[in-house]
Amino acid sequence: MHNKTLTELSKGLRSGEFSSVELTHHFLNRIDQLDGVYNSFITVTAEQALAQAAAADQQLAKGNTPVLCGVPMAHKDIFCTEGVRTSCGSRMLDTFVPPYNATVVENFAAAGAVVLGKTNMDEFAMGSSNETSYYGPVKNPWQTQCVPGGSSGGSAAAIAARLTPAATATDTGGSIRQPAALCGITGLKPTYGRVSRWGMIAFASSLDQGGPMARNAEDVAVLLNTMASFDDKDSTCLERPVPDYTATLNAKLDGLTIGVPEQYFGDGLNPAVEQAVQDALREYENLGATIKDISLPHSNLSVPAYYVIAPAEASANLSRFDGVRYGHRCDNPQDLEDLYKRSRAEGFGDEVKRRILVGAYCLSAGYYDAYYKKALQVRRLIQQDFVAAFKQVDIIMGPTCPNPAFEFGSKGSDPVAMYLEDIYTIATNLAGLPGMSIPCGLVDDKPVGLQLIGNYFDEARMLNIAHRFQQQTDWHQLAPPSITNVSLQDESIAHANGESA
Ligand code: GLN
């Protein structure tokens, strides 16, 4: 069952091939047997999942249920879940149990989806490798000595390892697209404001956006139908009707113009990754698209601008973790200042502290104009590059990341090398545009991603363009070899437990 896509599972539930309780047992069993290796979950909510599945089975028996009813999924541990610990990958929130659900969590609950648990992530979503999680790194199922990407590495690895058919994720500078690329799955960061941020623990509020991950574009479209909504609890959420993202998946691509930015193919791009992307572009030509060279002249400024703006916003957002209201509190504080200092010193990891320091520095009176204000001006130039580009082309394509997954520890001592992982993804967040990563090849036996950048609110078109590619290619169907081996063993465990696989 775990090799089926979300859409196939939904059909199987409706045709009575299996029940939601059986399906949920199957995935919980896989998590139990396999996640000791991958560490993709921080919390598994088995009891609650089985109760949700039983309720879904009753709904399914009545018929006419939402497409996600009874389908198992997972939430990134950045989304608040009522009664279930929400850690954000940090010691600071190790014991935090929210009294409410994020809007995104509510949306999936209302659709009858079954939540298997909460996925591992970089601490407060700061990172590109999952190495900053308080709960230890996630292993890439393709090669376990390599990182899964970050910060949504738990969600991506869990899908790649067939521990869940789908998961939620968030993307502030690339955290949906980069792990999707490194784990060989499909992930979409919507237009800023398309998905509610309410109950999603804030990192950099003007950049953060939740989005879905799954094995293919069709499943991502199904998920986005439920995940996107207008929410008056999030003042930056836009009041626009949510289209049916599955309706136009099969539209023809004749007449499509794809912009290929020269800046995305320069120094630092692995030649084999470049080749995979070029091959994908040829495939699009076969599908009727025209390729057009474009320029995004301020691309080289996106990483520096981001590493002023994101830490500045993070330093403000993370000031709420003071040891008083919730989160970690140090033992035996001497006075209020000692309480603040030690609670924060103990609760936050190194990367989070680095960002708070950088952010507070950039926002300080003497440096605000030189750094923060300047970064905002650069952000506007980057956004204007895209506005100009979308006057000439329908969609932009390039690599998601410069390289396939790297080994643990290989960038640990050099934050800048790590920051360059997001060189092709960050500009999209600065501009607020939707972006997507779909598998387009293997380099050194590891997956690499093709990035699609769409115009504002053009997710339906982007999903159509991704889906057409996935009808022609099978990169998205490849499973990590280690999974294929271990799953055989898992089948025998499942059979021994009297379950059908
Ligand atoms: N890797 C980037 C960072 O560390 C982006 C993270 C994200 O998108 N959450 O800030």
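Here the structure is a predicted model, which means the values were calculated and not measured. Whatever order the structure lists them in is the order used to number ligands and atoms, beginning at 1. As a basis for the values below, the full set of heavy atoms in this structure was taken, side chains included, without hydrogen atoms, waters or symmetry mates.
Crowding of Arg380 atom CZ: a count of heavy atoms from other residues, nucleotides or ligands under 6.0 Å not exceeding 12.
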*Show the numbers, then the answer: is there a side-chain hydrogen bond (donor to acceptor under 3.5 Å, both in side chains) between Asn429 and Asp171?*
CA-CA 8 Å; Asn429 301 74; Asp171 191 311; 3.0 Å; yes
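Where the criterion is an N or O separation shorter than 3.5 Å, residue side chain and backbone included, Phe203 fails it with respect to ligand 1. Backbone and side-chain nitrogen or oxygen atoms of Thr172 are examined, and one is located within less than 3.5 angstrom of a nitrogen or oxygen of ligand 1. Geometrically, ligand 1 and Ser128 share a nitrogen or oxygen pair separated by less than 3.5 Å.
Residue contacts with ligand 1: Ala310 is excluded, as none of its non-hydrogen atoms falls under 4.0 Å. For Gln178, the closest heavy-atom approach to ligand 1 does not fall below 4.0 Å.
Considering only non-hydrogen protein atoms, atom 7 (C) of ligand 1 sits nearest to Ser175 OG, 2.4 Å. Of all protein heavy atoms, the one lying nearest to atom 3 (C) of ligand 1 is Tyr307 OH, 3.2 Å. Considering only non-hydrogen protein atoms, atom 10 (O) of ligand 1 sits nearest to Tyr306 OH, 2.6 Å.
Only the side chain of Arg355 comes within 4.0 Å of ligand 1, judged by heavy-atom distances. At a 4.0 Å heavy-atom cut-off, ligand 1 touches Ala125 through backbone and side chain alike. Under 4.0 Å from ligand 1, the heavy atoms of Asp422 that appear belong solely to its side chain.
At least one donor-acceptor pair under 3.5 Å links the side chain of Ser319 to the backbone N or O of Ala316. The closest donor-acceptor contact from the side chain of Asp293 to the backbone of Gly259 lies at 3.5 Å or more, if one exists at all. The closest donor-acceptor contact from the side chain of Lys189 to the backbone of Ser437 lies at 3.5 Å or more, if one exists at all. Counting only distance, with no hydrogens or angles, the side chain of Asn455 and the backbone of Phe390 share no donor-acceptor pair below 3.5 Å.
A cation-pi arrangement, defined by a distance under 6.0 Å to the six-membered ring centre and an angle within 45 degrees of its axis, is present between Arg240 and Phe457. For Lys233 and Trp198, the positive end sits near the middle of the six-membered ring, less than 6.0 Å away and at most 45° from its axis.
The shortest non-hydrogen separation linking Arg194 to Glu459 is CG-OE2, 4.0 Å.
Numbered from 1 in the order shown, with element, the atoms of ligand 1 that lie under 4.0 Å from a heavy atom of Ser151 read 9 (N). Within ligand 1, the atoms closer than 4.0 Å to a non-hydrogen atom of Met126 are 4 (O), numbered from 1 in the order shown.
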